[in-house]
Chemist: 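The structure follows.
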Amino acid sequence: VAPFFFEGGRITANGTHYVVDKSTGHAVLVPSGETEFAKDAAFGYAASDLEAWVREKVASGSDDPTRRVVVRRVGLDVIRARDGPDKIAAALLDV
């Protein structure tokens with residue numbers, strides 16, 4: 001999961017997904033779990049942290065809400081590193 005939707009004012013930084021709120025005349029980053037969309041009865045969620053969001057969605061879509069899921073975060077520092085591809089492969093193979 002690597003969400004970014006510039007036109008919709010959605011960005012992710014350090015694993016947290018934000019919505020850009022310009023309603024005050026200034027751009028303010030609001031954690032996505034605190035938005036009105038997150039409170040939607042059908043599609044809502046509580047987590048802004050993407051690892052927690054994935055776990056939340058897996059649990060809500062499962063017959064077993066205690067089901068555990070392994071989630072790995074690969075940051076831009078790893079992706080941009082000289083040995084980034086090797087580090088990404090190692091993280092994915094560790095799942």
Chemist: Per the salt bridge (charged side-chain N to carboxylate O under 4.0 Å, His left out) rule, what does the pair list look like for residues 39-48, sequence neighbours excluded?
Modeler: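 Only E36-K39 qualify under salt bridge (charged side-chain N to carboxylate O under 4.0 Å, His left out).
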Chemist: Search all heavy atoms of H17 against all heavy atoms of I11 and return the closest pair with its distance.
Modeler: ND1-O, 3.2 Å
Chemist: Only pairs at least two apart or in different chains count here, so list each side chain to side chain donor-acceptor pair (under 3.5 Å) that has a residue in residues 41-50.
Modeler: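 Counting only pairs at least two positions apart or across chains, the side chain to side chain donor-acceptor pair (under 3.5 Å) contacts touching residues 41-50 are D49-R73.
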Chemist: Which hydrophobic side chains are connected to L93, either touching it within the sub-4.5 Å cutoff or through other members that do?
Modeler: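 Taking Ile, Leu, Val, Met, Phe, Trp and Tyr as members, L93 stands alone, with no cluster partners.
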Chemist: Report the residues that fulfil side-chain contact (heavy atoms from CB on, under 4.5 Å) with V54, sequence neighbours left out, ordered by chain and then residue number.
Modeler: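 side-chain contact (heavy atoms from CB on, under 4.5 Å) check on V54 returns V1, V58, V71.
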Chemist: Where is the tightest heavy-atom contact between S32 and A47, given as atom of each residue plus distance?
Modeler: OG-O, 4.2 Å
Chemist: Hey, does V28 have a side-chain heavy atom less than 4.5 Å from the side chain of V20?
Modeler: no
Chemist: Does F5 belong to the same Ile/Leu/Val/Met/Phe/Trp/Tyr cluster as V30, with side-chain heavy atoms less than 4.5 Å apart forming each link?
Modeler: no
Chemist: Which hydrophobic side chains are connected to I88, either touching it within the sub-4.5 Å cutoff or through other members that do?
Modeler: V74, L76, V78, I79, L92
Chemist: For A46, does its backbone N or O pair with a side-chain atom of E56 as donor and acceptor, under 3.5 Å?
Modeler: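 Checked: pair present.
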Chemist: Decide if atom CG of D83 counts as having more than 12 heavy atoms of other residues, nucleotides or ligands within a radius under 6.0 Å.
Modeler: yes
Chemist: Only pairs at least two apart or in different chains count here, so list each salt bridge (charged side-chain N to carboxylate O under 4.0 Å, His left out) that has a residue in residues 10-35.
Modeler: none
Chemist: Between V19 and F43, is there shared hydrophobic-cluster membership here, with clusters defined by ILVMFWY side-chain heavy atoms closer than 4.5 Å?
Modeler: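 No, it is not one cluster - the side chains of V19 and F43 are not joined through contacts under 4.5 Å.
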